[in-house]
Number of protein chains: 2
Amino acid sequence: MKKPVDLSARIASDIRASIVEGRLIVGDRLPSESELAEQFGVSRSTVREALKRLAAQSLIRTQRGAAGGAFVNHLSFEDAMAQQVTTATLLLSMNAISFDVACEARFALERACAPLAAARRTEDQLARLRSEIGRQSQPGLTDEEFCASDVAFHRALVDGAGNPVLSYQLAGAVEGMLPLMNMITFTARKRVQIVNLHSRIAEGLTRRDTVAVEAALHGLEDYTRTLARDVMAAREAARG
Amino acid sequence: MKKPVDLSARIASDIRASIVEGRLIVGDRLPSESELAEQFGVSRSTVREALKRLAAQSLIRTQRGAAGGAFVNHLSFEDAMAQQVTTATLLLSMNAISFDVACEARFALERACAPLAAARRTEDQLARLRSEIGRQSQPGLTDEEFCASDVAFHRALVDGAGNPVLSYQLAGAVEGMLPLMNMITFTARKRVQIVNLHSRIAEGLTRRDTVAVEAALHGLEDYTRTLARDVMAAREAARG
DNA sequence: CAAATCCTAAATGTCGGACAAATGAAAAAA
DNA sequence: TTTTTTCATTTGTCCGACATTTAGGATTTG
């Protein structure tokens, strides 16, 4: 693709291509830093910078010691999700993404999970949903705790679809929005509304009623956007 | 969160937190490598390895020269999508994700875009869709070219939703599946079927008929999975 | 003989210094 | 004023050294 000018970037790019295209597979050990330095005709420092680049993308891991070295990493869903979340967070905060756009994307993705979750949800997952609803009804909760429980609820919903790829995709969308959601103050009255909608979702899934779940998600999207609009309006008024 | 043992990882983590939490904002210049080395009480090499880690995540960019240094990068959708695609590709190839699971996730996400795309599609986007359909009908196309056009078609479909966050999410799902899709040989007969379904999608969008688009996407998902199953079966038979 | 201990070689992690190359800005020349 | 030159700053690269970790062999000990 591109021609990186820096040697360390070029070397990282080379090795990355080897991994992506399957010439190096999971568990393979790369040559030692000294050997790589000789192979590429650069110093060990430069090789190290290249390896750190790859490590930052979770493509390799390094072990010290006699049988140590750099190994092609098994990219787990957890690793990928962690990256996804930080990337999504920055993407939203840096690109002047409006709350509406982020919200729309998030609920569109969640609704995509509804039919699958309705068909496959287990009793365990239903219990998780109800447990989070119970927590959200507790009076002493801070806004942050309420938000955290909200995230847990929606992750449980998505996990109900039983598709790890969807869970991975959604994690970024939902958790990336957390900073934005945390700006909203959830009064008792608002919490009741949200908990009601959550209950409708849980009931819909219990009855395996896709349409009901989608409708509740639509309601939740509308209500969330209304809340955000009010927050923005209040903020405007305070400034003017 | 975690306690990185390596100094370069720890420093990278520190600076990353500063960026994510807003203490450093887009365009800000970090102290020079020497200054950072002094601040953190480490050598310049260690600082450099930390900075390379951040550069690998597109969090910073570096400039040489007098007014150079490391600057907090503006994370564009393009950068994020490129990362997303390589991550998704590796995720699918390393985690023994079945074709069915990947396919299901992809089409679930695409169907999520259908209502939005039906409401907002422009004439330009419709023209793009028809243009790709035209290309896919040409007889001389290789399988790779057919796949590439297929990707372009689906990206245009998703872009029709007019939500950059959705476009970003989908890019990973669709392009990450490319290596898997490329394993399928598209005979003339199969191509006709696919082009027919693509046409139904384009027609549905033209009429702003969400239900028709979703139905066509369902049909395409089923057909794609059938094709994959046949490929796998043929492969099994060849081995046995 | 078996088990525990020690030793050693190999590899990454860190350090410090050195020079090259790029680059913007100040100083000098036209 | 405009152009050229010089220069200080900063990243990119290289080298050599030592510390730290670790697996596995060698040695000692029961």
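Worth knowing before you read on, the calculation uses all heavy atoms, side chains too, and leaves out hydrogens, waters and symmetry mates. In what follows, every chain begins at residue 1, and chains take the letters A, B, ... in the order their sequences are listed. Please read these numbers as outputs of a predicted model, since none were measured by experiment.
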What pairs of nitrogen or oxygen atoms, one from the protein and one from nucleotides 15-17 of chain D, lie under 3.5 Å apart?
unit_1: dC15(D); atom_1: N4; unit_2: Ser45(A); atom_2: OG; d: 3.3

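For Arg128(B) and Glu132(B), the salt-bridge test fails: no basic side-chain N is under 4.0 Å from an acidic carboxylate O. At a threshold of 4.0 Å, the pair Arg111(B)-Glu221(B) counts as salt-bridged, since one of the basic side-chain nitrogens sits closer than that to a carboxylate oxygen.
Heavy atoms of Arg29(B) sit under 4.0 angstrom from primed sugar atoms or phosphate atoms, though from no base atom.
Gln63(B) places its CD atom 15 Å from the C1' atom of dA21(C), with the value rounded to the nearest Å. When rounded to the nearest whole Å, the span between CD of Glu33(A) and P of dC14(D) equals 14 Å. Atoms CG (Leu7(B)) and P (dA19(D)) sit 16 Å apart, rounded to a whole Å. Rounded to an integer number of Å, the gap from Ile11(A) CD1 to dT13(D) C1' is 11 Å. With rounding to whole Å, Leu30(A) atom CG is found 17 Å from dA10(C) atom C1'. Rounded to a whole Å, the NZ atom of Lys52(B) is 8 Å from the P atom of dT13(D). The distance between atom CG of Leu36(A) and atom P of dC14(D), rounded to the nearest whole Å, is 14 Å. Between the CG atom of Asp6(B) and the P atom of dT20(D) there is a distance of 14 Å, given to the nearest Å.
Ring orientation note: the planes of His198(B) and Phe153(B) are close to parallel, at an angle under 30° on the 30°/60° scale.
Two residues, Ser8(A) and Ala67(A), neighbour DNA chain D, and the one matched to the more 5' nucleotide by heavy-atom proximity is Ser8(A). When each of Ala66(B) and Arg64(A) is assigned the nucleotide of DNA chain C with its nearest heavy atom, Arg64(A) is the one assigned upstream, toward the 5' end.
Look at Thr46(A) and you won't find any side-chain N or O under 4.0 angstrom from OP1 or OP2 of dG12(D). Contact between the side-chain N/O atoms of Thr62(A) and the OP1/OP2 oxygens of dG13(C) is found at a separation under 4.0 Å.
Checked by atom type, the side-chain pair Arg155(B)/Ser167(B) shows no donor-acceptor distance below 3.5 Å.
Heavy atoms from other residues, nucleotides or ligands lying under 6.0 Å from CZ of Arg225(A) number more than 12. Surrounding CD of Glu38(A) are at most 12 heavy atoms belonging to other residues, nucleotides or ligands under 6.0 Å away.
Contact check for Phe107(B) versus Thr224(B): side-chain heavy atoms found under the 4.5 Å cut-off.
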